[in-house]
Amino acid sequence: MNLFVDTICQLTRDALHRLDSERVWATSEIQGLIEQPPDADMGDFALPCFSFSKKLQRSPKQIAEELQNLLVQEDPQEQAFDAQKRLPFSRIQAFGPYLNFFLHAEILARELLPSIFNNPFSKGLISLGRGKDRSEKNRQKVMIEFSQPNTHKGFHVGHLRNAALGDSLCRIHRFNGYEVVGANYFGDVGTHIAKCLWYYLNHCKDSPPEELRGEWLGELYTQSVHLLETLEGEEAQKAQAEISSLLRKMEEKDPELSKVWDETRQWSMDDFEEIYRWLDIRFDHYFYESDVDEEGRQMVLQGEMDGTFILSEGAIGIDLEEENLGFFMLLKSDGNTLYSTKDLALARRKFDQFSIDRSVYVVGAEQTLHFKQVFATLKRLGYAQAEHCYHLPYALVMLPSGKMSSRAGNVILFSEMRKKMREFILQGQLAEQSLEWGTTEVEETAHRIALAAIKYGMLSQDPNKPIVFSMEDWLVSEGDTGTYLVYAYVRIRSIGRQVALEVSDQIDFALLEHPNEKLLMRRMLDFERIVWKSGEQFKPSLLARYLYELCRDFSKAYGTCSVKHAESESLQAARLLLFHCVAEVLKTGLGLLGITPPERM
RNA sequence: GCGCCCGUAGCUCAACUGGAUAGAGCAACUGACUUCUAAUCAGUAGGUUACACGUUCAAGUCGUGUCGGGCGCGCCA
């Protein structure tokens, strides 16, 4: 709630009461109805009157008009701003079935700008129109599990979507007042590793490279799959037996195999650590499949003894027909664990060891059924926490040719993308700067621009729509891109360097009367509400879109409302504060997407 | 065969969860750089929201059906 929405609610509640004294409308009810007109010419806030129609026995159009008359009548001075009463509207007018409110630009400026200037968002002190009170959820502790890469496989651009999404959700939830545990879950055991090691030990003639050894293992995995496909008859059976035996040894922590496993696994972990550092993504806790597989097996065996699970064709599983979820496999017939086996133990640990209220899994949409089955199984086992598990699905990153697959080897590796982007930025966008700036700043700036482009690209689209990846598109830096957003930020910072004034909130707020300036302020009023919604709906795309629109509004104002060339110094000071606030909102918002803008570019 | 997700401008996507004239960006065309960074801005053009019924004051949004695409449906993760 903010002053403006607050006042609208109170005014209309009182006015409605006078139209019909029987029905008492709560301000919260009215608040839920308030929306924004499609066009700034039509006002800043709108109250649709459809829902009053039934009770009042009149058309919404008529109600809007009556409300307008009541509100304007009540205060004849109101059409002109009344400084005494501080009514924050310059106009209240019915447009068909809507009652529209025009904010008084000066009051908007006076309410908004000092609030942003004095209370950094990081402290969460300001409230500019949050849709919902957060105190209720204040202390909730939520675990967000994301990224979960497999060791012995290359990290490709598909993994980037998950990482960006999970990281952003952690940041947004923290901003919204939740206590967040960001968790990673490494796939460091399983068939794919057995296949990789089988090839590494028996067929690989090369020695590992100096760098990116984890990625190299991924290549071996792909080659292993290819080789296995060419084998036939006895050879194929022999290979299968060898792989199965490797897998068993791995799960039994066989000392000899463990040496190789440990070493190669570390190669991948080293790669990941470097990638996360570059991506500016941190985790609060790490889980490993190798750490929960035995516990999972015990849970399944126990469940089988209890009769919750059943033996079927040599394997163990659970019949979930009642929940309409079919049969769910929990342990292979050779006794080895499955993904599902480990997920049971993992879920239990999350609740037992972290006393979380909610457990979120950021995992691809193709596993929706799997998680329904996991949660249903946990419930059957008597874990009430299953109710608080939530699978957040997202659609895949596809190639124009189709699905990306490490198995098939048709992936765009992250390292490859990073390299191309760096070269592209250094040779194109930063070519001139490279001549003047130190190498460190050039590299760091290129890094930040690349990161903005990648993360914005991954986050700006609704999570459940697939992204078709083509390298060319991702090098574009015009229009609706991450580059556009950080460029806007840099231009604001540049203003500060061009003007001799210090930013201050001791300004004449009445001077900010240009429509483009008002547009910007109206936009900033929505910031916290949008962040709240992005978190609750698990959609950073809402925030991304908002920031893009904020930057568009800024670019518009930038062209029409120059600071440097303003007519007076007081106008300079006013605009400087305005743009400074835009930069603050933008920086905060980008931070929630995991993006740090450069100060110049 | 069954289940989930999706279908909006030539292309990539929005549309505040049922509200006002469906909006942006690419691509195309026209303008604006001796003026705070033109990685920008202003403008023109582009639509039967896949299709058909239905629900109501109101449907891109909800329901049913059809078509088209993606992903799942016991020894991968």
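By convention in this document, chain letters (A, B, ...) are assigned in the order of the sequence lines, proteins followed by strands, and residues within each chain are numbered from 1. FYI, side chains are in, hydrogens and waters are out, and symmetry mates aren't considered; it's all heavy atoms of this structure.
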K.L.:
In terms of base orientation, is B/rU12 syn or anti, with the syn window spanning 90° either side of 0?
P.N.:
anti

K.L.:
Determine the interplanar angle of the A/F95 and A/F102 rings, folded into 0 to 90°, and report it as parallel if under 30°, tilted if 30 to 60°, perpendicular if over 60°.
P.N.:
tilted

K.L.:
Round to the nearest Å and state the distance from A/Q373 atom CD to B/rG3 atom C1'.
P.N.:
11 Å

K.L.:
In whole angstrom, give the distance that lies between atom CZ of A/R523 and atom P of B/rA24.
P.N.:
11 Å

K.L.:
Side chain of A/R552 only, heavy atoms from C-beta on: which candidate in B/rC5, B/rC41, B/rG7 is closest?
P.N.:
B/rC41

K.L.:
Give a yes/no answer on whether the side chain of A/K372 brings an N or O atom under 4.0 Å of OP1 or OP2 in B/rC73.
P.N.:
no

K.L.:
Under 4.0 Å between a side-chain N or O of A/T191 and OP1 or OP2 of B/rC76?
P.N.:
yes

K.L.:
Within the structure shown, what part of the strands sits under 4.0 Å from A/A365 by heavy-atom distance: base, sugar-phosphate, or nothing?
P.N.:
nothing

K.L.:
So which nucleotide from B/rU37, B/rC16, B/rC71 ends up closest to the side chain of A/E366?
P.N.:
B/rC71

K.L.:
With rounding to whole Å, what would you report as the distance between B/rA9 and B/rG70 at their C1' atoms?
P.N.:
23 Å

K.L.:
So what does A/E549 hit on the nucleic acid, given a heavy-atom distance under 4.0 Å: a base, only sugar-phosphate, or nothing?
P.N.:
nothing

K.L.:
Given A/Y361 and A/F375, is the ring pair (Phe, Tyr, Trp, His ring centres under 6.0 Å) satisfied, shown in steps?
P.N.:
CA-CA 11 Å; A/Y361 295 72; A/F375 302 154; 5.5 Å; yes

K.L.:
If the condition is side chain to side chain donor-acceptor pair (under 3.5 Å), which residues does A/K420 pass it with, not counting sequence neighbours?
P.N.:
none

K.L.:
For A/D462 and B/rA15, give me the distance from atom CG to atom P, rounded to whole Å.
P.N.:
7 Å

K.L.:
Measure centre to centre between the rings of A/Y390 and A/F538, then say whether the value is under 6.0 Å.
P.N.:
yes

K.L.:
Going by the glycosidic torsion and a 90 degree boundary from 0, is the base of B/rC73 oriented syn or anti?
P.N.:
anti

K.L.:
Hey, does A/C49 reach any base, or is it just sugar-phosphate, or nothing, if we go heavy atoms under 4.0 Å?
P.N.:
nothing

K.L.:
Given atom CG of A/D343 and atom P of B/rC76, what is their separation to the nearest angstrom?
P.N.:
16 Å

K.L.:
Do A/R552 and A/Y484 meet the cation-pi criteria used here (NZ or CZ under 6.0 Å from the six-membered ring centre, within 45° of the axis)?
P.N.:
no

K.L.:
Looking only at atom P, what distance separates B/rC26 and B/rC62, rounded to whole Å?
P.N.:
30 Å

K.L.:
Determine the contact category for A/P466: base if any of its heavy atoms lies under 4.0 Å from a base atom, sugar-phosphate if only primed atoms, P, OP1 or OP2 are that close, otherwise nothing.
P.N.:
sugar-phosphate

K.L.:
Identify which nucleotide among B/rA24, B/rC36, B/rA77 has an atom closest to any side-chain atom of A/I495, counting heavy atoms from C-beta outward.
P.N.:
B/rC36

K.L.:
Under 3.5 Å between N/O atoms: give me all the protein pairs with nucleotides 57-62 of chain B, atom names plus distance.
P.N.:
none

K.L.:
So what's B/rC73 paired with, Watson-Crick or G-U wobble, going by both distances under 3.5 Å?
P.N.:
B/rG1

K.L.:
Under a 3.5 Å distance rule, please check whether A/S244 uses its side chain to pair with a backbone N or O of A/Q240 as donor and acceptor.
P.N.:
no

K.L.:
Describe the nucleic acid contact of A/D319 in one word from base, sugar-phosphate, nothing, applying a heavy-atom distance below 4.0 Å.
P.N.:
nothing

K.L.:
Considering only side-chain heavy atoms of A/K539, which listed nucleotide, B/rG25, B/rU17, B/rA77, is closest?
P.N.:
B/rU17

K.L.:
Can a donor-acceptor pair be found between the side chains of A/S477 and A/Q429 at a distance below 3.5 Å?
P.N.:
yes

K.L.:
Tell which nucleotide pairs with B/rA52, taking only Watson-Crick or G-U wobble pairs whose two distances are both under 3.5 angstrom.
P.N.:
B/rU64

K.L.:
Which parts of residues 477-494 of chain A get close to RNA chain B, meaning a heavy atom less than 4.0 angstrom away?
P.N.:
A/S477, A/E478, A/G479, A/D480, A/T483, A/Y484, A/Y487, A/V490, A/R491, A/S494

K.L.:
Is A/K332 close enough to B/rC76 that one of its side-chain N or O atoms is under 4.0 Å from OP1 or OP2 there?
P.N.:
yes

K.L.:
From the list B/rA20, B/rU37, B/rA39, which nucleotide is the closest neighbour of the side chain of A/R600?
P.N.:
B/rU37

K.L.:
Say you pick atom P in B/rU17 and the same atom in B/rA77; how far apart are they, in whole Å?
P.N.:
41 Å

K.L.:
Give the C-alpha distance, both sets of side-chain angles, the deciding distance and a yes or no for salt bridge (Lys or Arg N to Asp or Glu O under 4.0 Å) between A/E569 and A/R575.
P.N.:
CA-CA 10 Å; A/E569 192 169 297; A/R575 287 180 173 167; over 6 Å; no

K.L.:
For a quick check of understanding: with a heavy-atom distance under 4.0 Å over all strands, which category does A/L338 fall into, base, sugar-phosphate or nothing?
P.N.:
sugar-phosphate

K.L.:
Name the residue closer to the 5' end of RNA chain B, choosing between A/G32 and A/M329 according to the nucleotide with the nearest heavy atom.
P.N.:
A/G32

K.L.:
B/rA77 P sits how many Å from A/F328 CZ, rounded?
P.N.:
12 Å

K.L.:
Any base atoms under 4.0 Å from A/D473, or only sugar-phosphate, or nothing? Heavy atoms, all strands.
P.N.:
nothing

K.L.:
Could you tell me how far B/rA22 sits from B/rA15 if I compare only their C1' atoms? Round to whole Å.
P.N.:
7 Å

K.L.:
Please answer whether the main-chain N or O of A/S147 pairs with a side-chain N or O of A/N162 as donor and acceptor at a distance below 3.5 Å.
P.N.:
yes

K.L.:
Counting only side-chain heavy atoms from C-beta out, which of B/rC73, B/rC41, B/rA39 sits nearest to A/L369?
P.N.:
B/rC73

K.L.:
Roughly, in whole Å, what's the span from CD in A/Q461 to P in B/rA14?
P.N.:
5 Å

K.L.:
For A/K372 and A/E323: C-alpha separation, side-chain torsions, deciding distance, then whether salt bridge (Lys or Arg N to Asp or Glu O under 4.0 Å) applies.
P.N.:
CA-CA 9 Å; A/K372 279 185 185 168; A/E323 290 88 339; over 6 Å; no

K.L.:
Provide the Watson-Crick or G-U wobble partner of B/rG25, both distances under 3.5 Å; none if there is no partner.
P.N.:
B/rC11

K.L.:
So which one's nearest nucleotide on RNA chain B is more toward 5', A/F327 or A/V499?
P.N.:
A/V499

K.L.:
Could you work out which one of B/rC16, B/rA14, B/rA39 sits closest to the side chain of A/M601?
P.N.:
B/rA39

K.L.:
For A/K332, is there an ion pair with A/E313 - N to carboxylate O distance below 4.0 angstrom?
P.N.:
no

K.L.:
Can you tell me if the side-chain N/O atoms of A/K465 get under 4.0 Å from OP1 or OP2 in B/rG7?
P.N.:
yes

K.L.:
Pick base, sugar-phosphate or nothing for A/Y558, based on heavy-atom distances below 4.0 Å to the nucleic acid.
P.N.:
base

K.L.:
Of the nucleotides B/rA77, B/rC36, B/rC76, which one has an atom closest to the side chain of A/H565?
P.N.:
B/rC36

K.L.:
Figure out the NZ/P separation between A/K556 and B/rU40, and round it to whole Å.
P.N.:
15 Å

K.L.:
What distance, rounded to whole Å, do you find between the two P atoms, one in B/rC53 and one in B/rC11?
P.N.:
25 Å

K.L.:
Base, sugar-phosphate, or nothing: which does A/Q148 touch, judged by heavy atoms less than 4.0 Å apart?
P.N.:
nothing

K.L.:
Within 45 degrees of the axis of the six-membered ring of A/Y558 and under 6.0 Å from its centre: does A/R491 put its NZ or CZ there?
P.N.:
yes

K.L.:
OP1, OP2 of B/rC76 versus side-chain N and O of A/K153: anything below 4.0 Å?
P.N.:
no

K.L.:
Within the 4.0 Å heavy-atom criterion, would you say A/G326 contacts the bases, only the backbone, or no part of the nucleic acid?
P.N.:
nothing

K.L.:
Between A/N516 and A/D553, is there a donor-acceptor pair closer than 3.5 Å when you use the side chain of the first and the backbone of the second?
P.N.:
no

K.L.:
A/H152 has an atom NE2; how far is it from atom P of B/rA77, in whole Å?
P.N.:
14 Å

